> 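The structure under discussion is supplied below as structure tokens; questions concerning it will follow.
Letters A, B, ... mirror the listed sequences (proteins, then strands); counts begin at 1. These numbers were taken from a predicted model, which means no experiment stands behind them.
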Amino acid sequence: MIRMEIALFLVLAFVAYFYFSSEKKHTLLHQTFSVLLVTVMINMVFDAITVYTVNQLDTVPKLLNDIVHRFFLGSLVLVVYLFYQYIAVLVEEETGKPRYLDLAAKFFLIIAEVGNFTLPIVYTVTPDGNYSDGPYVMICYGAVIFYLLLCAGLLIANWTGIENKKKSAIGAALLIEFSVCALQAMNHAWLISGMGLTLMTLAFYLTLENPDILRAELYEQKMSMLYLKSQVNPHFLYNTLDSIRIQAQLNGDKKVADLLMRLVDFFRLSVKVDCPMVSLDDETELLEAYMELMCYRYPELKCEYDIDPELGMEQVPNFILQPIVENSLLHGLKNKGYKGEVTISAQKTEAGHMEICVKDTGSGFEEGKKALIDDMLLHYDKQAPKLTGNSIGVLNVQKRIKLMCGREYGLWYSENEDGGVTAHILLPMGEK
Amino acid sequence: MKKLRVLLVDDEIMIREGFKRLFDWEAHDCEVVGEAADGMEALTKIDDLQPDIAIMDINIPIMNGLKVIELARIKHPDMAFVIVSGYDDFAYCRKALQLKITDYLLKPVNYEEFGNCIDNLKIAMFQQQAVQDVEQQEERPIHGIIRYLQEHLAEEISLSILEEEFHLSAQYISQLFKNEIGVNFLSYLTNIRMEKAKKLLLSTSLSIAEVSEQSGYGDYRVFTKIFKKAEGITPSQYRRDFLEDTLL
């Protein structure tokens, strides 16, 4: 029989390894499960020891046998208590109702543990194997039944308030434990409590506590925080900036007023994130606002547009030009003290597509840098998620074009004969 | 040309102050006769002051701007309304169009461009008057000039060409526009060219360059720039928005 306990311990250790190594939210529920997992493993150790010692009554001193038995059943009561706690926290999370029976459960735990460590133990010897018996066993089994009934009561009382998946997890776990208890009560020598506890733990691990679910929870939490951050009412921003602008102009500062005006334009256009595709005109307008602000900051920076007006209403992926131009400024023109020109052109190609070019008169690619960029853009789908700084913007543009327009379209770079770099964006035409 | 009387309606004092002090009302033959900070006050002031134009915010306390316009229209059918809003919400624009407002401007308002809006309003009022004048067979020199402009839109037009055509001095013609319509010659010309371009954009499938040509702009880049300044959107956007509107 000891082989089963060893196998179960290994299963639990395996589960514990995955559970503790995965990133998760620090909620009361997960903390309870962590404690539970450790306690079940401790219980399994004592289980294994007692299964051995109880059948060696002649060689093992009674005192030692008593001690390991008391620790075995003591930890078993604690495990079942933790199961109750886990389910109670889960129900509380689901329904929002406080845990009324907490105090009673804790009180009962103390009584059971005191009884377990003080009441006398009797060993019964049978041909099928020996087992411990007597008042100390009674009080422990009483505790187990008490907690299981509490759990079942919680489940039934909140039947409608709990999500189906969680209901079935709790239900399955309780069913297993009840069956194991019944079998154990009928055949005292089977000693299968460890199996029941392990299966119950597994039931929760597989349904509610596995690493995928924990990661999804964590991701959801991060996303909702980002979402909240972006929830600052944009009208508050525009209106406040507009008041400041008017005040500046009333004070006679026309320049500041104009800049604030462009800033408002830029924000207004860039919050149109809810549409994945916008017209080329919208993109150009955003870019104009951005470039006007940049040209103010760097007076020797010039910007030219040559956009075929027939292309104005063509749909393009949202927010693709600004990151490319920003890249040209940061990697090309910055090295020249922002002295130079950016030319943005959009033309129809012979094949009936649209080609947008962003040409700069900057410092051009450093030695070997072009090959790196080419490689990154070619294998855009195999890039490690954590690229640094500005490559993210360019890579993101490439990914979105490929995703929304098709793999035959996209972004690439070429070097100009007279210095600097040109970014080419090929896009489809006539998309609605 | 009598001065136009203007009522400013916005719940933010800074916006009203900006309009009052930063736009050159005098140069546009207008005067601000009153201000209102909420919908009820706006209605009362409209009844009391009988303004020609109300500059209205939509999102104001007690009663929203669109409702104010709807109610004011009953008693004052000829009054002009210019909406100035922070919301470029399509539902608002639609409702505003149904109320036949003069213009829908987005905050932040550029005061130089706001002048175009006033000029357009004056031109519209003048053109309405001109139709009545012609019916009453009251022909004045200005009528001949504007008819000539309408017919020769696509060609090069300047004050010196008009000088030769009508045997009047450029200075006199310029003064005529100012006195009769209340706008300068160039504003008038741009206005009718834009009207023509808008008509072509919506009723034909001519390319932007062709529309530009027929509206009197040789270079479509210049045309696009001027159109955008006047309408707030590019010619192609204008065409698309209208097509979307009719599909809805």
> Which atoms of B:N110 are under 4.5 Å from chain A, going by heavy atoms: the side chain, the backbone, both sets, or neither?
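Both backbone and side chain.
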> Is the distance from the ring center of B:F223 to that of B:F227 below 6.0 Å?
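Yes; B:F227 has its ring centre under 6.0 Å from that of B:F223.
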> Based on non-hydrogen pairs under 4.5 Å, which of B:I13, B:I15, B:V109 is most in contact with chain A?
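Of the candidates given, the most pairs with chain A belong to B:V109.
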> Would you say the side chains of A:D281 and A:T284 form a donor-acceptor pair under 3.5 Å?
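No donor-acceptor contact under 3.5 Å links the two side chains.
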> Who wins among B:A209, B:S212, B:P235, B:S236 for the most heavy-atom pairs under 4.5 Å with chain A?
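Max contact count across the listed options: B:S236.
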> For B:E156, look at atom CD and say whether over 12 heavy atoms of other residues, nucleotides or ligands are found less than 6.0 Å away.
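Open.
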> May I ask you to decide if the ring planes of B:F185 and B:F177 are parallel, tilted or perpendicular, using 30° and 60° as cut-offs?
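Geometry flag for B:F177 against B:F185: perpendicular rings.
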